[in-house]
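Step one of this worksheet: look at the structure below.
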Amino acid sequence: ADSGDAELELSTVRHQPEGLEQLLAQTKFTKKELQSLYRGFKNECPSGLVDEETFKLIYSQFFPQGDATTYAHFLFDAFDADHNGALCFQDFVVGLSVLLRGTVHQKLKWAFNLYDINKDGYITKEEMLEIMKSIYDMMGRYTHPTLRDSAPAEHVELFFQKMDRNGDGVVTFEEFLETCQKDKDIMSSMQIFENVI
């Protein structure tokens with residue numbers, strides 16, 4: 001058991017947040033906020049790393065009425081900046097800073113990255129539909145008014161009519177940015193991210 005404890009100590013040391021100074025520079029949080037976020041993070045994740053399964057478990061607690069696993073998977077991918085399959089405190093806090101304190105441009109860039117599942121720089125209808133379905137699943141069957149099964153697909157069609165400016169079947173970040181900034185409805189639906197995160 002001793003060697004196991006020693007290893008845990010090592011991994012804990014290895015994942016200390018890169019100097020507080022660096023995080024202060026990278027985020028819009030104060031020193032106090034960062035320290036309190038770090039305490040909470042270490043509380044949930046004593047090893048200093050969150051794998052996808054743990055992330056799903058934590059996230060699902062917020063949506064007991066639905067199935068949040070698929071959306072949590074997409075969210076995990078968006079937070080996992082270096083795509084190494086685990087979130088360290090830095091990944092978490094940098095993403096959170098964008099979502100809570102970022103400029104409109106930064107928030108939209110983050111949202112675009114979330115929708116762009118394969119990270120090829122384009123959002124396709126298929127990608128959008130996967131995300132929409134995962135959001136509807138997460139919200140559960142008990143929403144009022146009750147949502148029809150076709151609702152996610154209808155949402156995507158509408159979204160693409162507005163977004164896909166040149167009609168080539170994909171949405172680029174430029175199209176996404178331009179439409180979101182002009183369209184009040186889309187901007188307000190983007191605000192749901194702040195409630196969902």
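Given the structure is predicted, the values throughout are model-derived calculations rather than measurements. FYI, side chains are in, hydrogens and waters are out, and symmetry mates aren't considered; it's all heavy atoms of this structure.
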* Asked: When the ring planes of F89 and F92 are compared, do they come out parallel, tilted or perpendicular, using 30° and 60° as the limits?
  -> tilted

* Give every residue pair that meets the salt bridge (charged side-chain N to carboxylate O under 4.0 Å, His left out) criterion with at least one member in residues 168-181, sequence neighbours excluded. => R165-E178, E178-K182

* Exam field: side chain Q26 to backbone V94, donor-acceptor pair closer than 3.5 Å -> no

* To do: Of all the heavy-atom pairs spanning G169 and D164, show the shortest one and how long it is.
  => N-OD2, 2.7 Å

* To do: Answer yes or no: is there a side-chain heavy-atom contact under 4.5 Å between S60 and M138?
  => no

* To do: Not counting sequence neighbours, which residues clear ring pair (Phe, Tyr, Trp, His ring centres under 6.0 Å) with F112? List them please.
  => F173, F176

* Min side-chain heavy-atom separation M128-Y115 under 4.5 Å -> yes

* To do: Under the salt bridge (Lys or Arg N to Asp or Glu O under 4.0 Å) rule, collect the residues that match up with E157, sequence neighbours excluded.
  => K125

* Looking only at atom types and distance, does a side-chain atom of D91 sit under 3.5 Å from a main-chain N or O of D80, one as donor and one as acceptor? -> no

* To do: Check salt bridge (Lys or Arg N to Asp or Glu O under 4.0 Å) between E33 and all other residues, then give those that pass, not counting sequence neighbours.
  => R101

* **Contacts of type side-chain hydrogen bond (donor to acceptor under 3.5 Å, both in side chains), residue K28, not counting sequence neighbours** => Q106

* **side-chain hydrogen bond (donor to acceptor under 3.5 Å, both in side chains) partners for T70, two or more places apart** => none

* Look at the aromatic rings of F63 and Y59 and report parallel, tilted or perpendicular, splitting at 30° and 60°. => tilted

* Structure fact -> Taken in chain and number order and not counting sequence neighbours, the residues that satisfy ring pair (Phe, Tyr, Trp, His ring centres under 6.0 Å) with F74 are none

* Counterpart residues, side-chain hydrogen bond (donor to acceptor under 3.5 Å, both in side chains), relative to K56 (two or more places apart) -> E52

* Asked: Using links of under 4.5 Å between side-chain heavy atoms of ILVMFWY residues, direct or through other members, which residues join Y122 in one cluster?
  -> V170

* Fit a plane to each ring of F79 and W110, take the angle between them on a 0 to 90° scale, and name the class: parallel (under 30°), tilted (30 to 60°) or perpendicular (over 60°). => perpendicular

* To do: Answer whether the closest heavy-atom distance between the side chains of Q181 and L108 falls below 4.5 Å.
  => yes

* To the nearest 0.5 Å, tell me how far S97 OG sits from L37 CG. => 10.0 Å

* Asked: Partners of I58 by side chain to side chain contact (heavy atoms under 4.5 Å, CB included), sequence neighbours excluded?
  -> E44, T54, F62

* To do: Could you tell me which residues satisfy side-chain hydrogen bond (donor to acceptor under 3.5 Å, both in side chains) with E130, sequence neighbours excluded, listed by chain and number?
  => none

* Side-chain contact, heavy-atom cut-off 4.5 Å: F159 with L129? -> no

* Structure fact -> What one should report as the nearest heavy-atom pair of P152 and M132 is CB-CB, 4.0 Å

* Closest non-hydrogen atom pair, T124 against F160 -> C-CZ, 3.4 Å

* Which residue pairs satisfy the salt bridge (charged side-chain N to carboxylate O under 4.0 Å, His left out) criterion with at least one member in residues 57-71, sequence neighbours excluded? -> none

* **Side chain proximity check, D77 to I117, heavy atoms < 4.5 angstrom** => no

